[in-house]
Amino acid sequence: MPVASSRKRNREGTSIFRAATTASRRSAGHDKTALVRALAHTSMNVDIGNALSSVASPGISRAGLERIDEQVAVAHERIERGMADGEHGYEALNLPEKTDPDEIRTAVEPVADCETLVTVGIGGSALGAATIVDALEAQGDGTETVFLDNVDPAWVSRRLEGLTLSETAINVVSRSGMTAETLANFLVVREAFDSAGVDWTERTIVTTGESGPLRELADRHDLPSLAVPDGVPGRYAALSAVGLVAAAVCDLDIEAILEGAAAERKSLTGSLFECPAYAYGATAYALDGRGAAVNAMMPYAESLETFAEWFAQLWAESLGKDDLGQTPVRALGVTDQHSQLQLYRAGPSDKLVTFVTPQAHEDRPIPDTDVDSLAYLGDGTLGELLEAEFSATEASLAAAGQPNVRIELERIDAAELGGLLYGMEAACVLAGELYGVNTFEQPAVEWAKNATRGLLGGGEFEEADAVEAKTELRIER
Ligand SMILES: O=P(O)(O)OC[C@H]1O[C@](O)(CO)[C@@H](O)[C@@H]1O
């Protein structure tokens, strides 16, 4: 029954659809020409028109964009130098060329026929993989995927219950190889296999660094393993084995993901007016400086909900330091029109709303109805309703002077997704340069890790003492 629906494109590549909205915007007095489309074909096109000061407040003027573009040119040189030298962090932007899909496919062969894949990992060691398999679910081979990225005992038990362990494979991922949650969950999963009499060493694949407890376990049991590439922080590792092992087990087109990313890499030039990724990073940075301290990532596709979670880690852990950084918020279109939009439209003007919208998508007709008041829905499609709601919500924010940016994908497929992931990583690296922060470290997370280890007898940590010294003011029933 599903039928393909796509917005027709004229030769200039401007969607007829957009033309319509331009008319409505013009009626609302918007100057609408700031669509940044890459010179080379890339996945993501970025429309920053609704972030202009002629439309929104906070907003950025054209002169402001020109000024930032000078900083972008300098930042781009720094990024290119870091990539050329394989420097820590910048090396992540070389992954489309460096990741070997054949190596990944070979490594997953022993488990490729599993019915269920349990991925044990957290943060960057789970979110990239989850984003890819959730976004491309319809294009996979039907392998069920379970991500254990929390240690809530009831939740973990529910996830494991009901699994046919003899048909289940384990994908353990940890860059450091010592993250407590991941190692604890792996020990729990292993025990479940042992209790069921299923040999987990036959059904486990490991992705980790050169050293650490997980590397030791992999070597001791001679488990098939892949390396986390050097110089690539977890949150930037989706386009390596870290994010692609699960995709390969689900028989997704990991080659096309890397090709889409490679095409996006070609769009990195020294100007935001030519590079969608930099246009996004520079605009988000500029708006933060003008008061938009919150960035609500609101994809208009259910399959991109996990992408918003992935983006939240990327943006928060990369830019949140030295009292700087824009707070990412996860939202979903159309669902959060009915929960968050009131705030985004009529609350404080401290937010940028980032929309991600596929131009083409699967569709489903809405049957005709004899209820007159529903005639406007009947005989249409859910896709038309989704598109109308997206445009209406985008325009409603602009009409209220609330800044928003649109990221357009042609459709949600492997190449487009690869480009989107790469583009957002490049946007974040650029924003990090503009903020002047160390984009690739996350020292602030260590305090709680030390405290946890101390509380559990894993060593002497002053942080654990501080936990005990909590100031209390309890209000009890
Ligand atoms: O891959 P690892 O080393 O297990 O770390 C998982 C996640 O934990 C963090 O280090 C934060 O605690 C993230 O940066 C990382 O993605």
Side-chain angles (χ1 to χ4, degrees), residues 88-92 95 99 104 118-132 147-152 156 170-190 204-218 223 225-246 306-322 325 327-328 330 421 424-425 428-429 432 437-456 458 461 463-464:
H88 178 72
Y90 300 99
E91 175 65 3
L95 284 178
T99 297
I104 295 172
V118 174
T119 295
V120 185
I122 200 163
S125 287
L127 289 167
T131 293
I132 295 171
F147 285 83
L148 294 184
D149 64 349
N150 199 344
V151 289
D152 174 325
V156 170
I170 312 169
N171 172 32
V172 195
V173 188
S174 175
R175 182 172 185 275
S176 63
M178 57 189 301
T179 299
E181 299 89 341
T182 301
L183 276 297
N185 272 337
F186 182 42
L187 296 176
V188 166
V189 171
R190 260 183 17 165
T204 298
I205 179 162
V206 170
T207 302
T208 191
E210 279 161 15
S211 60
L214 187 54
R215 170 54 62 195
E216 283 164 35
L217 268 169
L223 304 174
S225 72
L226 288 154
V228 175
D230 281 344
V232 177
R235 58 187 174 278
Y236 290 91
L239 299 167
S240 76
V242 170
L244 297 175
V245 161
T306 312
F307 162 78
E309 283 187 56
W310 171 85
F311 174 82
Q313 182 200 11
L314 180 75
W315 217 247
E317 225 175 52
S318 298
L319 307 176
K321 45 204 74 163
D322 309 337
T327 302
R330 297 173 264 179
L421 294 172
M424 296 315 275
E425 289 176 3
C428 193
V429 172
V437 297
N438 181 338
T439 310
F440 305 116
E441 298 302 341
Q442 59 288 329
V445 302
E446 296 310 316
W447 197 104
K449 292 184 183 180
N450 291 344
T452 301
R453 286 184 77 113
L455 292 172
L456 296 176
F461 294 94
E463 292 90 344

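Atoms within a ligand are numbered from 1 in the order they appear, just like the ligands themselves.
- N185 places a side-chain N or O within 3.5 Å of a backbone atom of N150 that can act as its donor or acceptor partner.
- When the heavy-atom distances from atom 13 (C) of ligand 1 to E441, K449, R235, E317 are ranked, the shortest goes to E317.
- If you check the side chains of R190 and T204, you find no donor sitting under 3.5 Å from an acceptor.
- Annotation: the span from L244 atom CG to I132 atom CD1 amounts to 5.0 Å, rounded to 0.5 Å.
- Distances below 4.0 Å separate heavy atoms of V445 from the following atoms of ligand 1: 11 (C), 12 (O).
- The side chain to side chain contact (heavy atoms under 4.5 Å, CB included) check on V228 picks up R175, T207, V242, with sequence neighbours excluded.
- Contacts of M178 with ligand 1, taken as heavy-atom pairs under 4.0 Å, are absent altogether.
- With rounding to the nearest 0.5 Å, the separation of CZ in F147 from OG in S125 is 11.5 Å.
- Of all protein heavy atoms, the one closest to atom 16 (O) of ligand 1 is G124 N, 2.8 Å.
- Within ligand 1, the atoms closer than 4.0 Å to a non-hydrogen atom of I122 are 6 (C), 7 (C), numbered from 1 in the order shown.
- Of all protein heavy atoms, the one lying nearest to atom 2 (P) of ligand 1 is T179 OG1, 3.3 Å.
- Using modelled atom types, no side-chain atom of S174 and backbone atom of T208 make a donor-acceptor pair closer than 3.5 Å.
- Contact annotation for Q442 and ligand 1: only side-chain heavy atoms (C-beta onward) come within less than 4.0 Å of the ligand.
- In this structure, the protein non-hydrogen atom closest to atom 1 (O) of ligand 1 is S125 OG, 2.6 Å.
- Of all the atoms in ligand 1, the ones that sit under 4.0 Å from a non-hydrogen atom of R175 are 1 (O), 2 (P), 3 (O), 4 (O).
- Expressed to the nearest 0.5 Å, how far CG of D149 lies from OG1 of T179 amounts to 12.0 Å.
- Not one N or O of G234 is nearer than 3.5 Å to an N or O of ligand 1, by distance alone.
- Each of the atoms 2 (P), 3 (O), 4 (O) of ligand 1 lies under 4.0 Å from some heavy atom of S176.
- The closest approach between any non-hydrogen atom of E446 and ligand 1 is not below 4.0 Å.
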With a 3.5 Å cut-off and sequence neighbours excluded, list the donor-acceptor pairs that the side chains of residues 306-321 form with protein atoms.
from, atom 1, to, atom 2, distance (Å)
T306, OG1, D134, OD2, 2.5
E309, OE1, R330, NH1, 3.2
Q313, OE1, G124, N, 3.0
Q313, NE2, E317, OE1, 3.1
W315, NE1, Q326, OE1, 3.0
E317, OE1, R235, NH1, 2.8
S318, OG, R235, NE, 2.8
S318, OG, Y236, OH, 2.8
S318, OG, L314, O, 2.6
K321, NZ, E317, O, 3.0
K321, NZ, S318, O, 3.2
K321, NZ, N438, O, 2.9
K321, NZ, E441, O, 2.4

